[in-house]
Participant: 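Got a structure for you, questions after.
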Amino acid sequence: MLKIHNSLTREKQNFIPIEPGKVRMYVCGMTVYDYCHLGHARVMVVFDMVYRWLKASGLDVTYVRNITDIDDKIIKRAAENGESIHALTQRFIAFMHEDERALGVLPPDHEPRATQYVPQMLDMIARLEANGLAYRASDGDVNYSVRKFPEYGRLSGKSPEDLRAGERVEVDANKHDPLDFVLWKHAKDSEAEEVKWDSPWGKGRPGWHIECSAMGSEILGKHFDIHGGGADLQFPHHENEIAQSEGAHRCRFVNYWMHNGFVRVDSEKMSKSLGNFFTIREVLKKYDAEVVRFFILRAHYRSPLNYSDAHLDDAKGALTRLYTALKSLPLPSGEGWGGGGAVDWSEPHAQRFKAAMDDDFNTPEAVAVLFDLANEANRTRSPQLLAQLKVLGATVGLLQREPQDFLQGRITGKPSVTLGELTVHATGTIRHTPESIDYLIRERATAKKSKNFAEADRIRKELLETGIVLEDSAAGTTWRRA
RNA sequence: GGCGGGGUAGCAAAAUGGUUAUGCAGCGGAUUGCAAAUCCGUAGACGCCGGUUCGAUUCCGACCCCCGCCUCCA
């Protein structure tokens with residue numbers, strides 16, 4: 001039985017879908033005006049893992065992750081760049097997709113963009129107005145009247161009294177109450193036509209929170225199973241979503257709320273405002289994308305995750321152990337590595353793996369099982385256990401490449417991002433190609449045959465200095481990147 | 001100030017009222033021309049102080065420290 005930690009109740013609960021066998025899940029995605037950073041990578045990877053595990057559990061999942069393609073920051077950035085918001089957002093959506101594919105993130109079933117759902121948002125605002133929860137302020141904005149929604153604060157565990165609005169931010173005089181938030185922003189003369197939509201309240205554009213309420217209910221229905229996002233969205237974004245959705249539809253909005261922890265740098269939250277972020281593509285120039293994915297899944301999704309090169313190096317070493325074990329798995333006849341059989345769920349490791357994953361997606365524990373599996377497979381030389389390792393890895397989007405591709409630093413498929421090509425390490429003095437490495441391996445074999453170990457060792461050392469490790473075995477010599 | 005999360009061996013990171021987490025690094029051994037990889041063995045831990053208990057890292061209380069949300073943020 002799958003258990004999920006529900007932010008709404010702050011405890012693990014048995015997961016019971018609204019409709020048996022089906023799961024409807026919504027995750028807050030990115031605002032597209034810049035490159036994605038590692039914090040975004042964590043949301044993508046974490047919920048991709050959730051998506052994959054729900055599917056592996058036999059559930060029919062509908063996964064929606066939205067794209068915010070209209071908001072203040074986008075307008076500002078487009079103006080700075082002297083381009084349309086459409087051009088700006090299209091570009092960064094494409095970059096985001098590249099980053100995701102590199103990280104092994106499956107495309108969600110739906111990826112709605114806010115600008116495509118303005119009519120649904122207007123409809124929702126009208127309902128809120130009809131229900132007496134929205135009002136038109138003197139400046140022309142339409143606001144949500146938080147005090148009229150008694151449940152407000154339930155998700156974040158805050159009471160309106162405790163919020164002390166205005167303590168950190170100036171209170172907007174147009175609001176009836178400082179906690180009220182905007183549903184519809186009136187158009188300003190200075191703004192481009194591109195960001196103005198007609199509405200019963202005059203020209204304008206949607207507030208941020210309404211898009212998720214509108215897109216969620218439009219695609220998944222008024223009541224669905226799981227809603228996720230970064231922990232910083234719990235308040236006010238998700239709190240406001242609940243107020244809007246339940247206020248408009250007069251029914252329960254979401255059963256299980258999930259929030260992932262932050263990526264940190266030097267024990268501080270990685271964020272745009274602090275400026276301490278690393279973009280995904282920046283990191284992918286230095287580290288294999290699967291190492292980054294493994295790094296994320298090696299921690300529990302709700303725990304903080306400290307980013308540093310040392311930690312990535314560590315993750316790389318660990319993943320190398322798994323792929324090294326997999327190296328001796330014979331290729332299934334006629335099939336490439338992309339394929340893979342079904343998991344044998346009766347096997348003990350698989351049972352432990354499942355128990356871990358079912359316990360609020362405990363990927364650190366599940367990964368530990370993978371290592372136990374690798375150890376036993378190495379010891380017993382069992383192809384069955386290696387096959388099991390590979391298919392279990394698949395359930396969380398790991399270990400699907402040909403081992404030599406990983407070990408020798410190649411990328412499977414053709415991500416359009418330029419990633420670790422075979423240029424060896426920066427510390428190296430000579431850069432080798434696979435051909436030159438093979439040549440040197442043959443030279444060394446000749447030297448070894450004539451017992452010229454000094455020359456053999458010299459060649460091995462020369463390669464090692466450029467980051468290439470040679471491994472001799474009965475079957476011959478293979479190489480991998482250090 | 002309000003609310004919430006956390007402090008585990010050199011580093012990372014889980015579980016658990018009594019029994020090996022796991023990975024990297026370390027140490028000893030097997031293997032190897034020597035290595036690497038692999039295997040076997042080994043050392044090392046639960047912030048501090050009390051309490052409950054036959055027994056606490058695990059439960060309870062106080063304290064110290066760190067982090068997050070309360071503003072846009074994944």
Participant: Considering Watson-Crick and G-U wobble pairs with both distances under 3.5 Å, what does B/A43 pair with?
Facilitator: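 The base-pairing partner of B/A43, which may sit in any strand shown, does not exist here.
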Participant: Would you classify A/F453 as touching base, sugar-phosphate or nothing, given that sugar-phosphate means primed atoms plus P, OP1 and OP2, and contacts are heavy atoms under 4.0 Å?
Facilitator: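 It contacts base atoms.
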Participant: If we count only N and O atoms by modelled type, under 3.5 Å, do the side chains of A/T68 and A/E211 hold a donor and an acceptor together?
Facilitator: yes
Participant: If you assign A/L305 and A/V369 each to the RNA chain B nucleotide with the nearest heavy atom, which residue ends up on the more 5' nucleotide?
Facilitator: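 Nearer the 5' end of the strand: A/L305.
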Participant: May I ask you to say what A/K269 touches in the nucleic acid, namely base, sugar-phosphate or nothing, with a heavy-atom cut-off under 4.0 Å?
Facilitator: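 The answer is base, as A/K269 lies within the cut-off (heavy atoms under 4.0 Å) of a base atom.
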Participant: Would you indicate what A/A299 reaches in the nucleic acid, counting non-hydrogen atoms under 4.0 angstrom: base, sugar-phosphate, or nothing?
Facilitator: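 Sugar-phosphate contact only.
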Participant: Against A/D360, only a single residue in A/R302, A/K12, A/K3 fulfils salt bridge (charged side-chain N to carboxylate O under 4.0 Å, His left out); can you say which?
Facilitator: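 Passing option: A/R302.
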Participant: Could you work out which one of B/G33, B/A37, B/A74 sits closest to the side chain of A/N260?
Facilitator: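 The closest nucleotide is B/A74.
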Participant: Are A/D372 and A/R352 ion-paired here, with the side-chain N under 4.0 Å from a carboxylate O?
Facilitator: yes
Participant: Is the phosphate of B/C34 approached by A/R460 (side-chain N or O, under 4.0 Å from OP1 or OP2)?
Facilitator: no
Participant: Under a 3.5 Å limit for both distances, which nucleotide forms a Watson-Crick or G-U wobble pair with B/A21, could you say?
Facilitator: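 The answer is none; no pair meets the criterion.
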Participant: When both hydrogen-bonding distances must be under 3.5 Å and the geometry is Watson-Crick or G-U wobble, what is B/U32 paired with, if anything?
Facilitator: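 Partner of B/U32: none.
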